[in-house]
Peer 1: 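Have a look at the structure that comes next, please.
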2 protein chains.
Amino acid sequence: MTVDLSARQRILDAAAGLLSERGYGETSLRLLASEVGIKAASVYYHFDSKEALYTEVLQAGMDIMIDRFEAVEEADFDSGRSRLQAHVSGHLDALHSNLQYTALHVSEFRTAPATVRTQLVPRRDEYESMWTALLTAVLPETPATEISILRLGLFGAMNSSIDWFDAAKGGLGEFSDVITDAFWAGADNRKRRIAS
Amino acid sequence: MTVDLSARQRILDAAAGLLSERGYGETSLRLLASEVGIKAASVYYHFDSKEALYTEVLQAGMDIMIDRFEAVEEADFDSGRSRLQAHVSGHLDALHSNLQYTALHVSEFRTAPATVRTQLVPRRDEYESMWTALLTAVLPETPATEISILRLGLFGAMNSSIDWFDAAKGGLGEFSDVITDAFWAGADNRKRRIAS
DNA sequence: TGGACTGCCTAACGATCGTTAGGTAGGGTC
DNA sequence: GACCCTACCTAACGATCGTTAGGCAGTCCA
């Protein structure tokens, strides 16, 4: 009954790394297997197919982001702005602490096989709706269409950091500040301008 | 002396479409050729290799963005904000008017073969430095490190629109407004807060 | 009329791909 | 000691890949 999960996990980790670095088509099962120290055929003992493995890696990436969002929500906030700030920090930290899994979701989802994409849509929608609810709560009186645009812009800005962020050059803190400032003040300013 | 460019151009166009839709590894020359109505081997009459073709498509995408930036710069602006706004609009319009070429640059560059990436770096750097100069001009007194962060966040927000923008659901104008508002007011607000 | 050039073709090369079939060493259970 | 399960292995399958060699119809110029 004791199942050894470590080999399976090692395959998942290696797959996440290779997939996010090289893309789906350029990552062969033989290369992946050699990274783990086994043969390609042995991957099939743990996973049904390359697509199933891909799906599971992407699923794990999404779970990481959702878990973090829920953890952040546990805290108490003295303002809408600090709540937004905490979530921006949380998203960025979760993103970069598990880059192989999460970056894959940002950069490779679009070109993933249709069967893979379909399985992931519900979980992605779930995460998006969490953010929509958050923005609606901290930016009341902002129309839904604008909330939607803000969320997409915010996601774009945050997720782009996987392409350029270099931990050696400084923390994510400053980026987190700038982004929060931008979308907070921007929305606020816009609201006042339109109201007048 | 008259060279027939139409076939070559048709290959480039089809390649841009397939590459941005399916990724490099999943786009075979046989599929590409069938799209154009020729055989895979005939692609080699026009291009040296698959990588050379890929490089040229990416190069064209970058040229589109740079040309647009320069065209926008021709105009007169009555404020830094309107200048920024014009460039944001221009970037978004150029991006979406040539989506197959430009989206490829945003989404697939990271996983492109090293030899392809190396050839494109100078042109990408050029475009980035144009934006750095722009932001430095319209946001004076903002430290260089923050300009850099702002540019990266702005790029991320704008470029993410390739994943979700649906022309059928409305124009890019509103997104352009929201983004400009955010980064303008955010930087402004931040400057005042830090100064105090 | 003939040679050169253009723009495609067919056929095939070796390499590599995801995947399957079947075997085997080693540990746990009765 | 017989059995079974786990976690791998070797070997091979057909398919597909990028690429090359060589041929052929058409056009153009001398």
Side-chain angles (χ1 to χ4, degrees), chain A residues 1-59 104 108 111-119, chain B residues 1-59 104 108 111-119:
Chain A
M1 197 59 184
T2 48
V3 182
D4 181 17
L5 287 177
S6 70
R8 191 172 200 277
Q9 192 60 50
R10 283 207 316 277
I11 295 173
L12 278 171
D13 288 346
L18 288 172
L19 287 167
S20 66
E21 187 180 307
R22 308 165 52 94
Y24 182 69
E26 284 79 8
T27 300
S28 74
L29 291 180
R30 284 173 177 82
L31 175 63
L32 165 63
S34 83
E35 197 102 333
V36 184
I38 61 174
K39 299 294 173 182
S42 304
V43 173
Y44 283 82
Y45 178 77
H46 299 281
F47 300 93
D48 286 341
S49 66
K50 189 187 179 188
E51 285 198 358
L53 171 58
Y54 194 17
T55 304
E56 197 161 325
V57 171
L58 284 165
Q59 201 72 259
L104 192 57
E108 299 290 317
T111 55
T115 56
V116 173
R117 276 205 315 275
T118 309
Q119 289 180 267
Chain B
M1 198 60 183
T2 48
V3 182
D4 181 18
L5 286 177
S6 68
R8 191 171 200 280
Q9 191 59 50
R10 283 206 316 277
I11 294 174
L12 278 171
D13 288 346
L18 288 173
L19 287 167
S20 66
E21 187 178 308
R22 308 164 53 94
Y24 182 68
E26 284 80 7
T27 299
S28 74
L29 292 179
R30 284 172 176 84
L31 175 63
L32 165 63
S34 84
E35 197 102 332
V36 184
I38 61 175
K39 298 295 173 182
S42 304
V43 173
Y44 283 81
Y45 177 78
H46 298 282
F47 301 93
D48 286 341
S49 66
K50 191 187 177 187
E51 284 197 359
L53 171 59
Y54 194 18
T55 304
E56 195 160 327
V57 171
L58 283 166
Q59 200 73 258
L104 192 56
E108 299 290 319
T111 55
T115 56
V116 173
R117 275 204 316 273
T118 309
Q119 289 180 267

Peer 1: Using atom CZ of B:Arg8 as one end and atom P of C:dT6 as the other, report the distance to the nearest whole Å.
Peer 2: 14 Å

Peer 1: How does protein reach along nucleotides 20-27 of chain C, written 5' to 3' as B (base within reach of a heavy atom under 4.0 Å), S (only sugar-phosphate), or - (no contact)?
Peer 2: B-------

Peer 1: Separation of B:Leu29 atom CG from D:dC17 atom P, in whole Å?
Peer 2: 9 Å

Peer 1: Between A:Glu108 and A:Thr111, is any pair of side-chain heavy atoms under 4.5 Å apart?
Peer 2: yes

Peer 1: Whole Å only: how far is the CG atom of B:Leu31 from the P atom of D:dT16?
Peer 2: 12 Å

Peer 1: Would you say that A:His46 contacts A:Glu56 through its side chain, given a criterion of any heavy-atom pair below 4.5 Å between the two side chains?
Peer 2: no

Peer 1: With nearest nucleotides of DNA chain D determined for A:Arg30 and B:Ser28 from heavy-atom distances, which residue corresponds to the more 5′ nucleotide?
Peer 2: A:Arg30

Peer 1: How close or far is atom P of D:dG18 from atom OH of B:Tyr54, stated in whole angstroms?
Peer 2: 13 Å

Peer 1: Side-chain contact, heavy-atom cut-off 4.5 Å: B:Leu12 with B:Gln9?
Peer 2: yes

Peer 1: May I have the distance from B:Leu53 (atom CG) to D:dT19 (atom P), rounded to whole angstrom?
Peer 2: 10 Å

Peer 1: First locate atom OH of A:Tyr45, then atom CD1 of A:Ile38, and finally report the distance between them rounded to the nearest 0.5 Å.
Peer 2: 11.5 Å

Peer 1: Side chain of A:Lys39: nearest nucleotide among C:dC8, D:dT10, D:dC8?
Peer 2: D:dT10

Peer 1: Taking C-beta and beyond as the side chain, do A:Leu31 and A:Arg22 meet within less than 4.5 Å on heavy atoms?
Peer 2: yes

Peer 1: Send over the distance from B:Glu26 CD to D:dT16 P, rounded to a whole Å.
Peer 2: 15 Å

Peer 1: Is the side chain of A:Arg117 donor-acceptor paired with the backbone N or O of A:Ala112 at a distance under 3.5 Å, no angle test?
Peer 2: yes

Peer 1: Compare all side-chain heavy atoms of B:Glu51 with those of B:Gln119 and state whether any distance is below 4.5 angstrom.
Peer 2: no

Peer 1: Rounding to a whole Å, what distance do you find between B:His46:NE2 and C:dT6:C1'?
Peer 2: 9 Å

Peer 1: Check the phosphate of C:dC8 against B:Tyr45, side-chain N and O only, distance under 4.0 Å to OP1 or OP2. Yes or no?
Peer 2: no

Peer 1: OP1 or OP2 of D:dA7 less than 4.0 angstrom from a side-chain nitrogen or oxygen of A:Ser42, does that happen here?
Peer 2: no

Peer 1: Grab the CD1-C1' distance between A:Ile11 and D:dC8 for me, whole Å please.
Peer 2: 10 Å

